[in-house]
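Worksheet for the structure shown next.
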Amino acid sequence: MSTSESTKTLLGRVQRAARRVERAALGPQDQRVGTDRIVFGVAGLIALAFIVWGFASPDSLGTVADSALNGVLKNFGWLFVTAATIFTVFVIVVAMGRFGKIPLGQDGEKPQFSTPSWIAMMFATGMGIGLMFYGVGEPLYFYMAPPPGTVDGSTPAAAATAMGQTLFHWTLYPWAMYAIVGLGMAYGTYRLGRAQLFSSMFTSLFGRKAVNGAGGRVINILAILATLFGSACSLGLGALQIGGGIQHSGIMESVGTATLVMIIAILTCLFVVSAVSGIERGIQWLSNANMWLALLLAIIVFIGGPTLFILNVLPASLGAFVGDLPEMASRTAASGDQSLADWMGSWTIFYWAWWVSWTPFVGPFIARISRGRTVRQFVTGVLLVPSIVSTIWFAIFGGGAIGLQERAEQAQDAGKALAAIGEGGADINFDLIFFQTLGALPVPGWVGVALMILAVVLVAIFFVTGADSASIIMGGLSENGAEEPTRKSVIFWGVSTGAVAAAMLLAGGDDPAAALNGLKNITIVSALPFVVVMLVLCVALWKDLSSDPLVLKRELAVQVLAETVDTGVEKHDGEPFELSTSASSATEDADDTPATPENGVPVVADGGVIAKD
């Protein structure tokens, strides 16, 4: 049998792909070193201009942010909703299909971090501070004021709807976004030897010259800015919640913007120190410590709270999530009146924008800690483990708060109720509600105080963990993908993140609720360009994975086997036959490399159809 032309072509692709992976073991190829002055300069000037604007004229910044937000929600809300579902379906297809066994590194390479440390760092960096801020408030809010057009508030059906909607915002969908960026970065860096730059993930689409030129720099600048505003939003939420803890404990009667800015300044100093200490010493230690502290807090609340109600909420939450998923995933402003459009902007679209703005630093970060794992292991771990932990967290804290609220409503005891219905819906102060719930638990006074102190410590560590990861990633992006960016770069971006968070709070106003809206508005607007970047990334990643040697070898094996069997059937006319392999001249023609198993090149069957006696 003579080898077909298509087999020859495929064999050549296998050989080239195998050599590409082998060269990657030597490190990034043709990587520039040092600070990229254009990327650093443009991104830094934009950041500084925003900071100056926010401190010099916060009212005008808030006005512009409100106007821009209205335009984004009106014209591009559908894009956020559609893209979120595309990202989730895409990453599941990639993991479960033919790409699942591809290693994120060289063949046989072992994972760099243990599985527990891997999970702890991934989870704490991905959304830790958000779980503290919204862990109680969001489920309780949806219980009392469900999404427009769903169920009546403060009913058993509302409890299930509230939990299902919360899981929709916090489980598979956000982690799918992180997984796409993390997978693209880990595969390109550790499998193909590319620089750790966001632009490098688009090499398969635009070529090395383009991604190293002006277009690539634009992508890296957008990545830095999305990271800057996304992490600043998280820092603002952390400051608001720490301020709420100070107010609830009676240390201060009220916490204004000046106090919040001071909190941000103190925590910024802490995370800069952590960031310059390096990923293994700083972030890993903090992540492991935070995981155990969070576990301790959850166990105490589970035991001290409405335990039976929490246990019942857990399966009901999963059922509501699965049952309502089609409706939640397809809900847009066109599905209802203005109240639904406003609700989408405050919740679902804000979350999708927030998660998108986090992908440029969470994705590369989980890529750095995932070297040596396969695509399927990576996606399974990134999607399922944090989602399971988030589900349990919301069941304990959010479910516990709903249980306490339901008891108070049934007893008609307004004094024990955590919140009430106001003119604009549920009257919940998100800065305070976590601490109010801890204070409402039927536990001794000293335990309540200890829980509040523990909660503030958790918020602070989550703050530091997320922010120092972001500053390291921004430093690397501005230094041509350096794995260990210089201290001056890390310090600059760390301080800038804290300053932007302060400016975003000032733009919202002195009232905490207004400040929170200011954070949300700017986050949504800043994330819009990056949604388009991520959609293009899906195409680039699919093209990269399709050219991996493991995938091509499988295609080659199937094609050669099919051709050989066809020849055998035709030659022996239905008689039994066996297959054998021998080197074909086609393997020499591919690029003059001998075809041997040692070279990683499959031996093509040629003349390998033998009649069986």
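These numbers were taken from a predicted model, which means no experiment stands behind them.
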Could you check W118 against Q112 for side chain to side chain donor-acceptor pair (under 3.5 Å), going step by step and ending with a plain yes or no? CA-CA 9 Å; W118 179 57; Q112 182 179 4; over 6 Å; no
Stepwise, does the side chain to side chain contact (heavy atoms under 4.5 Å, CB included) test hold for V375 with L183? CA-CA 7 Å; V375 169; L183 185 59; 3.9 Å; yes
Yes or no on side chain to side chain contact (heavy atoms under 4.5 Å, CB included) for M177 and W358, after CA distance, side-chain angles and deciding distance? CA-CA 9 Å; M177 299 178 196; W358 270 42; over 6 Å; no
In sequence, state the C-alpha distance, the side-chain angles, and the governing distance for L545 and V551, and then conclude on side chain to side chain contact (heavy atoms under 4.5 Å, CB included). CA-CA 8 Å; L545 294 173; V551 175; 5.9 Å; no
Going through the checks in order, is the salt bridge (charged side-chain N to carboxylate O under 4.0 Å, His left out) test met by D548 and K553? CA-CA 9 Å; D548 189 86; K553 286 177 184 178; over 6 Å; no
Can S199 and R217 be said to form a side chain to side chain contact (heavy atoms under 4.5 Å, CB included), step by step? CA-CA 7 Å; S199 57; R217 286 189 167 100; over 6 Å; no
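Atom-to-atom distance recorded for I38:CD1 and N220:CG is 11.5 Å, nearest 0.5 angstrom. The CE atom of M201 sits 12.5 Å away from the CG atom of L192 when rounded to the nearest 0.5 Å. Atom-to-atom distance recorded for D36:CG and N480:CG is 5.0 Å, nearest 0.5 angstrom. A distance of 12.0 Å separates CD1 of I472 from CG of L477, quoted to the nearest 0.5 Å. Separation of atoms CD1 (I491) and OG (S471) is listed at 9.5 Å; rounding is to 0.5 Å. If you take CG on L383 and OG1 on T171, they are separated by 9.5 Å, rounding to the nearest 0.5 Å.
T203 contributes a side-chain N or O that, together with a main-chain N or O of S200, makes up a donor-acceptor pair within less than 3.5 Å. Between the W393 side chain and the L131 main chain, a donor and an acceptor come within less than 3.5 Å of each other. Using a distance-only test at 3.5 Å, with no hydrogens or angles considered, a donor-acceptor pair links the side chain of S478 to the main chain of G475. The backbone N or O of S387 sits less than 3.5 Å from a side-chain atom of T391, completing a donor-acceptor pair.
Using a cutoff of 4.0 Å between basic side-chain nitrogens and carboxylate oxygens, D107 and R191 are scored as salt-bridged. A salt bridge is absent between R487 and E479; no separation between the charged side-chain nitrogens and carboxylate oxygens falls under 4.0 Å.
Minimum interatomic distance between D544 and S204 (heavy atoms only, all atoms of both residues): OD1-CB, 3.3 Å. In this structure, P529 and L222 approach most closely via the heavy-atom pair CB-CD2, 4.3 Å. Summarising the geometry of P364 relative to I473, their closest heavy-atom pair is CB-CD1, 3.8 Å, with the distance given to 0.1 Å. The nearest pair of heavy atoms linking A367 to A186 is CB-N, 3.6 Å. Nearest heavy atoms, T497 versus S231: CG2-OG, 3.4 Å. Annotation for L240 and F133: closest pair CB-CE1, 4.0 Å, computed over non-hydrogen atoms.
Ring geometry for Y178 versus W355: interplanar angle over 60°, hence perpendicular rather than tilted (30 to 60°). A parallel orientation is assigned to the rings of F206 and F202, their planes being inclined by less than 30° (bins at 30° and 60°).
In this structure, Y190 and E109 have side chains that are not in contact, with every pair of non-hydrogen atoms separated by 4.5 Å or more. For the pair R368/Q196, a side-chain contact is recorded, criterion being any heavy-atom separation below 4.5 Å from C-beta on. Under the 4.5 Å side-chain criterion, counting only non-hydrogen atoms from C-beta, L228 is in contact with S496. Side-chain contact between W175 and W170: absent, with no pair of heavy atoms (C-beta onward) separated by less than 4.5 Å. Looking only at side-chain heavy atoms (C-beta outward), V181 and V362 stay at 4.5 Å or farther from each other. No side-chain heavy atom of H169 sits under 4.5 Å from any side-chain heavy atom of T166. Considering only heavy atoms from C-beta on, I224 stays 4.5 Å or farther from P360 through its side chain. I366 is listed as a side-chain neighbour of F378, based on a closest heavy-atom distance under 4.5 Å.
If you look at W352 and W347, their ring centroids are not closer than 6.0 Å. Two rings, from F530 and F198, have their centers less than 6.0 Å apart. Checked against a 6.0 Å centroid threshold, the rings of Y351 and Y134 count as neighbours.
Shown here is R554, whose CZ atom has no more than 12 heavy atoms of other residues, nucleotides or ligands within 6.0 Å.
Counting only residues at least two apart or in different chains, ring-ring contact (aromatic ring centres under 6.0 Å, His included) contacts with residues 475-504 comprise F40-F492, F40-W493.
Scanning for side-chain contact (heavy atoms from CB on, under 4.5 Å) contacts around L561 gives V565, L579, with sequence neighbours left out.
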Listing, residues 81-104 side-chain donor-acceptor contacts under 3.5 Å, not counting sequence neighbours, or none:
{"residue": "T82", "atom": "OG1", "partner": "W78", "partner atom": "O", "Å": "2.8"}
{"residue": "T85", "atom": "OG1", "partner": "Y173", "partner atom": "OH", "Å": "3.1"}
{"residue": "T88", "atom": "OG1", "partner": "A84", "partner atom": "O", "Å": "3.0"}
{"residue": "R98", "atom": "NH1", "partner": "E555", "partner atom": "OE2", "Å": "3.0"}

